[in-house]
2 protein chains.
Amino acid sequence: MEHLEEATLLRQQGHRLTPQRLQVLQVVKSNARHLTAEEIHAAIVPEQPYIDIATVYRSLQWLQAVGLVAPINIGDGRLRYEYRHRGDHHHHLICQECEQETEIPDDVFAMLKTTIEERYGFTIQLEHLAIPGHCAACRVVMVQRS
Amino acid sequence: MEHLEEATLLRQQGHRLTPQRLQVLQVVKSNARHLTAEEIHAAIVPEQPYIDIATVYRSLQWLQAVGLVAPINIGDGRLRYEYRHRGDHHHHLICQECEQETEIPDDVFAMLKTTIEERYGFTIQLEHLAIPGHCAACRVVMVQRS
DNA sequence: CTTCGTGCAAAAGCTTTGCAATGCG
DNA sequence: CGCATTGCAAAGCTTTTGCACGAAG
């Protein structure tokens with residue numbers, strides 16, 4: 001088990017650390033892609049063969065509670081999880097062709113927020129947005145196909 | 001069973017119409033809120049006590065295939081369905097306090113689309129977006145509470 | 001009359017929960 | 001040593017599927 005930087009802080013805050021929780025955090029944190037609970041479980045099994053998927057789910061809930069991971073829903077029926085840098089709000093462009101995810105900062109939505117605030121008196125609260133579409137590379141491929 | 005305007009057209013196109021399918025369409029169409037399959041089923045039972053939830057799901061899939069309804073995912077674990085006016089693309093602001101849904105036209109995102117296209121070479125394909133936040137009325141209540 | 005849709009029941013997929021045993025602090 | 005967390009098994013919830021019957025065109 002690598003020593004994660006947040007370990008000491010969490011322990012100071014009175015949280016109970018277990019190899020399982022640390023391993024889940026480690027996997028979510030070190031993975032570029034957003035993984036499902038099952039994928040996270042699969043990634044841990046080689047190192048900790050007896051870890052149960054239920055423990056992965058419980059660890060993920062705990063990690064959400066302490067603010068270290070956030071769930072994201074790309075609409076395919078299962079939740080995925082991402083590491084949440086300290087208070088960092090960002091969003092993702094998800095290519096429907098190659099599934100690649102591009103991270104975009106929250107301030108891209110500044111103008112949209114203002115517009116909707118003005119026109120509808122509605123305050124947008126974007127925790128995380130997964131925006132579907134097509135990346136440049138796949139668009140080329142699609143044009144060639146047609 | 002009321003005669004829905006799309007009935008004749010569908011029949012002309014060779015589709016097989018059943019009371020169940022028409023009833024599902026009718027409920028989705030006449031409801032302002034976006035309903036889950038279970039809610040749709042519950043709404044039909046008084047009129048057709050023997051309709052099964054499986055039939056509701058199958059009818060909804062068929063209605064999606066013929067382009068009359070679209071699923072929307074607000075991330076609470078079950079899908080909701082909305083009536084799709086002819087080729088009409090729109091989105092919703094969903095108040096997290098009172099759950100009220102406000103419809104907004106697609107062109108509110110025109111600027112955002114351009115920005116993301118330019119900055120990331122990514123073409124947004126927004127079928128339907130459910131944007132969380134707080135409506136004006138609930139914001140007042142929230143301020144009063146604090 | 002043929003084909004497709006329905007009802008019913010069972011299964012599938014993701015996530016949660018109860019409980020006794022284990023291990024963290 | 002006490003209590004939270006784990007593993008295991010079972011249940012929950014939404015959605016899907018197999019199959020024989022029944023209805024649509």
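A, B, ... follow the sequence lines: proteins, then strands. Residue 1 opens every chain.
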Rounded distance in Å - CD1 (I53(B)) to P (dT6(C)): 14 Å
For a quick test of reading the model, state the closest non-hydrogen atom pair linking V27(A) to A43(A) and the distance between them. CG1-CB, 3.9 Å
Give a yes or no on this: more than 12 heavy atoms of other residues, nucleotides or ligands lie within 6.0 Å of atom CD of E38(A). no
With a non-hydrogen cut-off below 4.0 angstrom, is Y50(A) in contact with a base, only sugar-phosphate, or nothing? sugar-phosphate
Using a cut-off of less than 4.0 Å, is there contact between a side-chain N or O of R16(B) and OP1 or OP2 of dA23(D)? no
Starting at atom CZ of R21(A), determine the distance to atom P of dG7(D), rounded to an integer number of angstrom. 12 Å
T18(B) side-chain N/O to dT6(C) phosphate OP1/OP2 under 4.0 Å: yes
Under 4.0 Å between a side-chain N or O of Q61(B) and OP1 or OP2 of dT16(D)? yes
Residues R80(A), E101(A): salt bridge by 4.0 Å N-O rule: no
OP1 or OP2 of dT15(D) less than 4.0 angstrom from a side-chain nitrogen or oxygen of Y57(B), does that happen here? yes
Respond yes when some side-chain nitrogen or oxygen of T55(A) is under 4.0 Å from OP1 or OP2 of dG7(D), and no when none is. yes
Between dG25(D) atom P and L22(B) atom CG, what is the distance in whole Å? 9 Å
dG7(C) phosphate, OP1 or OP2: any side-chain N/O from Q20(B) under 4.0 angstrom? yes
Rounded to whole Å, please give me the gap between CD in Q64(A) and C1' in dT16(C). 13 Å
Whole-Å gap separating P (dT5(D)) and CD (Q23(A)): 18 Å
Which of H91(A), H90(A), E82(A) passes side chain to side chain donor-acceptor pair (under 3.5 Å) with H128(A)? It is E82(A)
Length of the CD-P vector between Q48(A) and dT6(D), whole Å: 10 Å
NZ (K113(A)) and CG (D106(A)) are apart, to the nearest 0.5 Å, by 4.0 Å
Does R58(A) place a side-chain N or O at less than 4.0 Å from the phosphate oxygens OP1/OP2 of dT5(D)? no
Give one of base, sugar-phosphate or nothing for L79(B), where a contact means two heavy atoms less than 4.0 Å apart. sugar-phosphate
Please determine if a side-chain N or O atom of R78(A) lies less than 4.0 Å away from the OP1 or OP2 oxygen of dT15(C). no
With nearest nucleotide decided by heavy atoms, which residue, Y81(B) or R11(B), maps closer to the 5′ end of DNA chain D? Y81(B)
In whole angstroms, how far is the C1' atom of dG5(C) from the CG atom of L10(B)? 15 Å
Checking all strands, does L17(B) fall into the base, sugar-phosphate, or nothing category for heavy-atom contacts under 4.0 angstrom? sugar-phosphate
Rounding to a whole Å, what distance do you find between W62(B):CH2 and dT6(C):C1'? 14 Å
